[in-house]
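What follows is one structure encoded as structure tokens, with my remarks underneath.
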Amino acid sequence: MSDGRSCQALTGTSPVGAGQVRPRRLPVAFFARDSTVVAPELLGKRFVVGRCHGRITEVEAYTQDDPASHAFRGPTPRNDVMFGPPGRLYVYFTYGMHHCVNIVTGRRGDGQAVLLRGVKPLAGLEAMRARRGPVPDARLADGPGKLAQAFGLDLADNGRLAVVYDDGIEVDVPPPGPRVGITKAADWPRRWLVRQPTV
DNA sequence: GGAACGATCTGC
DNA sequence: CAGATCGTTCCC
């Protein structure tokens with residue numbers, strides 16, 4: 001920890017911490033805002049679970065007044081974490097076979113979250129490949145279910161603290177577009193993707 | 001107690 | 001474009 005080598009790994013051409021400034025972990029306060037504000041700001045940030053790191057490339061915002069949100073009808077055993085403190089992972093199981101990963105936003109009691117829909121793998125590629133099987137690296141985590149599988153996240157991780165770093169990378173934040181994979185309020189412009197797929 | 005429906009992915 | 005596959009939620 002205190003030797004020079006661990007610092008070296010965070011500088012230079014390494015994909016981890018490739019920005020100009022020292023990587024800074026996003027504080028809980030970052031997430032204690034409306035999901036429609038937090039979501040676009042998460043683009044270009046680095047999502048970390050153990051050794052697996054990924055540059056966030058696609059997100060969707062869900063608020064409590066959103067008919068498409070799990071929080072729309074109030075707290076339930078499944079969505080309870082959404083109403084808890086910000087900065088936690090809200091993981092749910094769907095379609096009988098997939099997990100999806102959110103980060104809770106807003107104040108305690110709000111019922112908001114940002115769905116992580118895609119990241120570009122930066123580190124821990126071996127673990128991701130092992131979990132995802134024979135697919136191109138670019139396809140390891142370019143979808144909500146794939147992202148959860150690549151990072152090894154499931155219901156056991158529901159409510160855990162989210163680990164996200166700001167590497168100081170400049171991201172051209174695009175205007176939001178309609179959401180996908182839902183039937184209710186799909187046209188609400190609450191989906192953000194980085195312009196160039198290779199952030 | 002039962003039925004309908006997914007914030008999806010993959011292969012045909 | 002349909003099938004996989006099962007937990008959650010809602011209705012009776």
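Excluded from the calculations below are hydrogen atoms, water molecules and symmetry mates; all remaining heavy atoms, backbone and side chain alike, are included. Every value quoted in this text rests on a predicted model; they were computed, and no experiment measured them. Labels below follow one simple rule: chain letters A, B, ... track the order of the sequence lines, proteins then strands, and each chain is numbered from 1.
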TODO: Check whether any side-chain nitrogen or oxygen of A:Arg117 sits under 4.0 Å from OP1 or OP2 of B:dT8, and answer yes or no.
DONE: yes
TODO: Starting from P on C:dC10, measure out to CG on A:Asn79 and report it in whole angstrom.
DONE: 10 Å
Task: A:Met97, nearest nucleotide to its side chain (from C:dT5, B:dT10, C:dT9) - done: C:dT5
Task: B:dG6 pyrimidine/purine six-ring stacking with A:Tyr95, under 5.5 Å and 30° - done: yes
TODO: Assess the pair A:Tyr62 and A:Phe72: is the distance between their ring centroids shorter than 6.0 Å?
DONE: no
Open item on the list: Donor-acceptor pair, distance only, cut-off 3.5 Å: does the side chain of A:Arg33 make one with the backbone of A:Phe30?
Closed with: yes
TODO: Ignoring backbone atoms, establish whether A:Arg73 has a side-chain N or O less than 4.0 Å from OP1 or OP2 of C:dC10.
DONE: yes
- [ ] Please state whether the phosphate of B:dC9, meaning OP1 or OP2, lies under 4.0 angstrom from any side-chain nitrogen or oxygen of A:His98.
- [x] no
Open item on the list: Quick one, A:Gln112 with A:Thr105, criterion side chain to side chain donor-acceptor pair (under 3.5 Å). Give me CA distance, side-chain angles, the key distance, then yes/no.
Closed with: CA-CA 5 Å; A:Gln112 307 185 3; A:Thr105 65; 3.0 Å; yes
- [ ] Look at the side chain of A:Tyr92 and the base of B:dA7, then say whether one donor and one acceptor between them are separated by less than 3.5 Å.
- [x] yes
Open item on the list: Side chain of A:Lys146 only, heavy atoms from C-beta on: which candidate in C:dT5, B:dA7, B:dC9 is closest?
Closed with: B:dC9
TODO: Please work out if A:Arg191 contacts a base, only the sugar-phosphate, or nothing of the nucleic acid, heavy-atom cut-off 4.0 Å.
DONE: nothing
Open item on the list: Taking pairing as Watson-Crick or G-U wobble with both contacts under 3.5 Å, can you name the mate of B:dC9, or confirm there isn't one?
Closed with: C:dG3
Task: A:His98 ring center within less than 6.0 Å of A:Phe93 ring center - done: no
TODO: Could you state the atom-to-atom distance from CD of A:Glu60 to C1' of B:dG6 in whole Å?
DONE: 14 Å
Task: Sugar-phosphate, base or nothing in reach of A:Gly96, heavy atoms under 4.0 Å - done: base
Open item on the list: Going by centres under 5.5 angstrom and planes under 30 degrees, do the aromatic ring of A:Phe93 and the base ring of C:dG7 stack?
Closed with: no
TODO: Grab the CE-C1' distance between A:Met82 and B:dA7 for me, whole Å please.
DONE: 10 Å
TODO: Indicate whether OP1 or OP2 belonging to B:dG6 is found under 4.0 Å from a side-chain N or O atom of A:Arg78.
DONE: no
Task: Between C:dC6 (C1') and A:His99 (NE2): distance, integer Å - done: 11 Å
- [ ] Take the protein atom NE2 of A:His70 and the nucleotide atom C1' of B:dT8, then report the distance between them rounded to whole Å.
- [x] 12 Å
TODO: May I have the distance from A:Lys184 (atom NZ) to B:dC5 (atom P), rounded to whole angstrom?
DONE: 10 Å
Task: Of the listed nucleotides B:dT8, C:dT8, B:dG6, the one nearest the side chain of A:Thr76 - done: C:dT8
Task: Least distance between heavy atoms, A:Val135 atom then A:Leu140 atom - done: CG2-CD2, 3.8 Å
- [ ] Would you tell me whether A:His70 and A:Tyr90 have side-chain atoms, one donor and one acceptor, within less than 3.5 Å of each other?
- [x] yes
TODO: Please state how far atom CD in A:Glu58 lies from atom P in B:dA7, giving the value in whole angstrom units.
DONE: 16 Å
TODO: Mind calculating the distance between CD1 (A:Ile103) and C1' (B:dA7) to the nearest angstrom?
DONE: 15 Å
